[in-house]
K.L.:
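Take a look at this one; I'll ask things after.
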Amino acid sequence: MIAAVLHDPRWRAAWRLLFLALVTVISWLAFSPHPPPEADLGWDKANHFAAFASLAVVGMQCLRAGARRRWIVLAWLLAFGILIELVQSQIPGRDAELQDVIADMIGAAIGLAAHALLMRLVEDRSPPAR
């Protein structure tokens with residue numbers, strides 16, 4: 001079942017919907033002058049790390065497999081991270097920080113590594129092709 005959810009192209013629309021939901025929630029949290037304390041992990045960089053690791057894993061599932069897929073995901077997440085900081089620089093009570101973009105990219109890189117590990121684990125557990 002897990003292998004089908006990860007590999008079957010028919011699931012790609014569901015992954016894209018999940019990605020859109022994540023982007024929406026993360027944007028709302030990032031652009032809110034006072035995000036709810038329940039959504040805070042206790043350290044701002046951990047918030048960025050967790051958000052972008054999640055986006056990277058789900059983002060990888062949104063695209064067809066290929067050598068450039070990880071670079072496309074990283075480029076889009078870098079652009080999104082920079083956009084967040086630019087918007088936050090205009091919101092009273094929020095600040096733009098280069099360190100946040102760095103935390104975003106570290107999270108994205110760890111998310112890509114986690115995705116690769118997950119795919120390897122699923123492939124190792126899949127029954128051999130006949």
Side-chain angles (χ1 to χ4, degrees):
M1 174 64 179
I2 291 174
V5 171
L6 293 174
H7 293 295
D8 192 332
R10 292 176 290 184
W11 281 91
R12 198 166 293 127
W15 285 107
R16 289 177 178 164
L17 186 60
L18 178 58
F19 186 80
L20 180 61
L22 282 172
V23 167
T24 301
V25 169
I26 291 166
S27 296
W28 177 75
L29 291 169
F31 303 151
S32 172
H34 305 288
E38 299 82 15
D40 190 354
L41 296 176
W43 183 42
D44 179 55
K45 303 311 176 248
N47 297 336
H48 285 266
F49 178 89
F52 278 75
S54 301
L55 286 170
V57 170
V58 176
M60 288 292 285
Q61 288 301 121
C62 292
L63 302 174
R64 280 185 236 119
R68 296 182 6 192
R69 176 169 66 165
R70 75 177 63 95
W71 299 111
I72 293 168
V73 169
L74 278 177
W76 278 104
L77 292 182
L78 176 61
F80 183 51
I82 291 170
L83 174 68
I84 287 172
E85 297 308 310
L86 291 174
V87 172
Q88 284 184 344
S89 73
Q90 304 301 310
I91 299 173
R94 300 303 294 258
D95 296 316
E97 296 181 14
L98 176 61
Q99 293 85 354
D100 289 346
V101 176
I102 293 169
D104 296 342
M105 291 300 92
I106 292 170
I110 297 297
L112 292 178
H115 181 267
L117 179 62
L118 175 65
M119 298 306 274
R120 181 166 291 157
L121 288 172
V122 168
E123 288 170 6
D124 288 348
R125 291 179 180 251
S126 297
R130 294 181 186 194

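None of these values were measured; they are calculated from a predicted model.
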K.L.:
Please report the interatomic distance OG1(T24) to CH2(W28), rounded to the nearest 0.5 Å.
P.N.:
12.0 Å
K.L.:
For L41 and A50, work out which heavy atoms get closest and say how close.
P.N.:
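Looking at all heavy atoms of both residues, the closest pair is CD1-CB, 3.7 Å.
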K.L.:
So which heavy atom on L22 is nearest to which on S54, and how close?
P.N.:
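Scanning both residues, the minimum pair turns out to be CD1-O, 4.1 Å.
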K.L.:
Could you pull out all residues at least two apart from Q61 that satisfy side chain to side chain donor-acceptor pair (under 3.5 Å)?
P.N.:
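With neighbours one apart ignored, the set is H115.
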K.L.:
Nearest 0.5 Å, what's the CD1-CG distance between I82 and L86?
P.N.:
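The CD1 atom of I82 sits 7.5 Å away from the CG atom of L86.
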K.L.:
Answer whether the closest heavy-atom distance between the side chains of L77 and M105 falls below 4.5 Å.
P.N.:
yes
K.L.:
Hey, what do you get for CG (L18) to CG (L55), rounding to the nearest 0.5 Å?
P.N.:
9.5 Å
K.L.:
Which distance, rounded to the nearest 0.5 Å, do you find between the CD of E97 and the CD of E85?
P.N.:
7.0 Å
K.L.:
Would you kindly confirm whether L78 and I72 end up in one hydrophobic cluster when ILVMFWY residues are joined by side chain heavy atoms under 4.5 Å apart?
P.N.:
yes
K.L.:
Are the side chains of V87 and L83 in contact, using a 4.5 Å heavy-atom criterion?
P.N.:
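SC-SC contact between L83 and V87 confirmed.
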K.L.:
For A51 and I26, work out which heavy atoms get closest and say how close.
P.N.:
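Looking at all heavy atoms of both residues, the shortest contact is CB-CD1, 3.7 Å.
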K.L.:
Members other than L20 in its cluster, when Ile, Leu, Val, Met, Phe, Trp, Tyr link by side-chain heavy atoms under 4.5 Å?
P.N.:
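Result for L20 is none, singleton.
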K.L.:
Quick check for you: to the nearest 0.5 Å, what is the distance between R12 atom CZ and W15 atom CH2?
P.N.:
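One gets 12.0 Å once the value is rounded to the nearest 0.5 Å.
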K.L.:
If you compare all heavy atoms of L74 against all heavy atoms of A109, which two are closest, and at what distance to 0.1 Å?
P.N.:
CD2-N, 4.4 Å
K.L.:
Contact between F52 and I84 at the side-chain level, heavy atoms closer than 4.5 Å - yes or no?
P.N.:
yes
K.L.:
Give, for atom NZ of K45 and atom CG of D104, the distance between the pair rounded to the nearest 0.5 Å.
P.N.:
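K45 NZ to D104 CG: 9.5 Å, rounded to 0.5 Å.
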K.L.:
Tell me who clusters with I110, hydrophobic residues only, linked when side chains sit under 4.5 Å apart either directly or through other members.
P.N.:
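When side chains under 4.5 Å apart are linked, the cluster holding I110 also contains F49, L98, I102, I106.
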K.L.:
Taking all non-hydrogen atoms of both residues, which atom of V101 and which atom of G81 are closest, and how far apart?
P.N.:
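Here V101 and G81 meet closest at CG2-O, 3.9 Å.
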K.L.:
If you group Ile, Leu, Val, Met, Phe, Trp and Tyr by side-chain heavy-atom gaps below 4.5 Å, do V73 and W71 land in one group?
P.N.:
yes
K.L.:
Kindly give the heavy-atom pair with the smallest separation between A30 and I91, and that separation in Å.
P.N.:
O-CD1, 4.4 Å
K.L.:
Do M60 and R70 have side-chain heavy atoms sitting under 4.5 Å apart?
P.N.:
yes
K.L.:
Group every Ile, Leu, Val, Met, Phe, Trp and Tyr by side-chain heavy-atom contacts under 4.5 Å, then state whether V57 and L17 land in the same group.
P.N.:
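Each belongs to a different hydrophobic cluster.
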